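Quick notes on the structure that follows.
All values derive from a computational prediction rather than experimental measurement.
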Protein chains: 2
Amino acid sequence: MTPPADPPPKRTTYRHGNLRNALLDAAVELAREGGPDAVALREVTRRAGVAPNAAYRHFADRGALVHEVSQAAMAQVARTMEAELAAVPATDDPAARARARFRAVGTGYIRFATREPGLFRTAFHVPADMAYATDTTAAGAGGLTPFEILSASLDDLVTTGILPEDRRPGAEFLAWSAVHGLSVLMIDGPLRGITPDQADSAAQDVIDMIERGI
Amino acid sequence: MTPPADPPPKRTTYRHGNLRNALLDAAVELAREGGPDAVALREVTRRAGVAPNAAYRHFADRGALVHEVSQAAMAQVARTMEAELAAVPATDDPAARARARFRAVGTGYIRFATREPGLFRTAFHVPADMAYATDTTAAGAGGLTPFEILSASLDDLVTTGILPEDRRPGAEFLAWSAVHGLSVLMIDGPLRGITPDQADSAAQDVIDMIERGI
DNA sequence: ATTTTTATGTGGACGGTGTTCACATCGGGG
DNA sequence: CCCCGATGTGAACACCGTCCACATAAAAAT
């Protein structure tokens, strides 16, 4: 029950040596636990064992720090989607494979949202002052952003003949809306408090709807 | 360019007489302009021309105040949906009418989100400490919550034979997810900055998907 | 090798916030 | 009529983000 943290390592050198990363790590941890609002600059510096102002040598202000956390969180979304894609069993049927991969993309997205709600909310946090509305992209290990991963899976649906070509334009936003909406409703909407099993089931239902309705 | 506000009316009586409502009104206005985080207790009391602590005679803490704003915002969602429903042209064909009403429900929801993003975000704001996770419902003029309005419109789809009965269970969450997701993506997601025309068009596309996929 | 520049971390301050405690002021029920 | 409970006030505390002037040490220039 010592919530503050382990004793700060009492750095001996004047320079920290890796402050920027230390700050970022602490900030990510805070966001993981409590969402974007929980990222307090002072607490972050405290955990790094450094004076509050030291943060300003590495980040313009709190917004810049949160923005970087947001980027990191978005990259984690991409990685979770990639992991789900990698778990898709091999098949000879390219159409079945394309379908399974499309479903994996959506499943990974929703899984990340329910497993890491704090980071998920941070990934989609847009600051009030619009200063950091830069769409600097955040990619996963494969170098693709979540949006690009989704797009690729939709392209495969078209090339395998599952999705008619004339339905392709704008399909990203239809799929994204449904999957994102379910995520939000489960995280802090009326579906909050659902069990993980129910969450997975709901995810599959929503993806079913997308496949039929897209 | 006097952002603070008009001069506080310099109340003469010791009692305010209507403080609770005055505080709530100011809080709603702040939420309207900047979302839930913009609701500052001190600013609210300032606008009501009263000392900061006076708020604690009417609300347990800031969370309680924001929660009430959230309820009020949810009620406005319901009213917007009702307004959209009322605008559905009369028809003899009950099936066509049911479809139109279902679409109106979704359209109203998305319209409110894009027109009042601050209130929309506040309506779905769940406090960090989970203290106010009470699901006290917020109804519109017709006495129905947004969720109940949606449910009713889905019931009508079933009775008019548009929606097969076996697809009815859980359909609320499918529809809600898609519509809510689009709203969020347009408010502070990657679809932010879209024109109102594009927003309406995207809304219709999403509702099309729901109708096909539900 | 010595000096100077630059990057990085510190200390102190200011104004903002939510919240609590003790106190002031009234309005209405005994 | 009086007093008591409801309502509003004042001062204080802790926390936050941010800015200023300053300290320190590493790197670059001499």
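Of the candidates dG18(C), dT9(D), dT10(C), the closest approach to any side-chain atom of Ala51(B) belongs to dT9(D).
Between the CG atom of Asn18(A) and the P atom of dT8(C) there is a distance of 12 Å, rounded to whole Å. The distance from atom CZ of Arg62(A) to atom P of dC19(D) is 14 Å, rounded to the nearest whole Å. Protein atom CZ of Arg47(A) is 11 Å distant from nucleotide atom P of dC16(D), rounded to whole Å. Following rounding to the nearest Å, Asp37(A) (CG) and dG18(C) (C1') show an atom-to-atom distance of 14 Å. Summarising the geometry, the separation between CD on Glu43(B) and C1' on dG15(C) is reported as 14 Å, rounded to the nearest angstrom. Residue Leu23(B) contributes atom CG, which lies 12 Å from atom P of dG18(C) at whole-angstrom precision. Straight-line distance from the CZ atom of Phe59(B) to the C1' atom of dG18(C): 15 Å, rounded to whole Å. The distance from atom CG of Leu41(B) to atom P of dC15(D) is 19 Å, rounded to the nearest whole Å.
For His180(A) and Phe124(A), the ring centers are positioned less than 6.0 Å apart. No close placement of the His125(B) and Phe120(B) rings is indicated, their centers lying 6.0 Å or farther apart.
Taking side-chain N and O atoms only, Arg57(B) has no distance below 4.0 Å to OP1 or OP2 of dA6(D). Put simply, Arg46(B) has no side-chain N or O that comes within less than 4.0 Å of OP1 or OP2 on dG16(C). Using a 4.0 Å cut-off, no side-chain N or O of Tyr56(A) falls inside it from OP1 or OP2 of dC19(D). OP1 or OP2 of dA7(C) has not a single side-chain nitrogen or oxygen of His58(A) nearer than 4.0 Å.
Ala40(A) comes within contact range of the sugar-phosphate backbone alone, with a heavy-atom separation under 4.0 Å but no base atom that close. Contacts of Arg42(A) with the nucleic acid, taken as non-hydrogen atoms under 4.0 Å apart, include base atoms.
Classification of the Tyr109(A)-Trp176(A) ring pair by plane angle, with boundaries at 30° and 60°, yields perpendicular.
Closest approach of Leu23(B) and Ala55(B) over heavy atoms only: CD1-CA, 3.9 Å.
Comparing Asp61(A) and Pro52(B) against DNA chain D, the residue whose closest nucleotide sits nearer the 5' end is Pro52(B).
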query = Which is it for Ile187(B) and Val126(A) under the side-chain contact (heavy atoms from CB on, under 4.5 Å) test, yes or no, and what are the steps along the way?
reply = CA-CA 9 Å; Ile187(B) 287 180; Val126(A) 45; over 6 Å; no
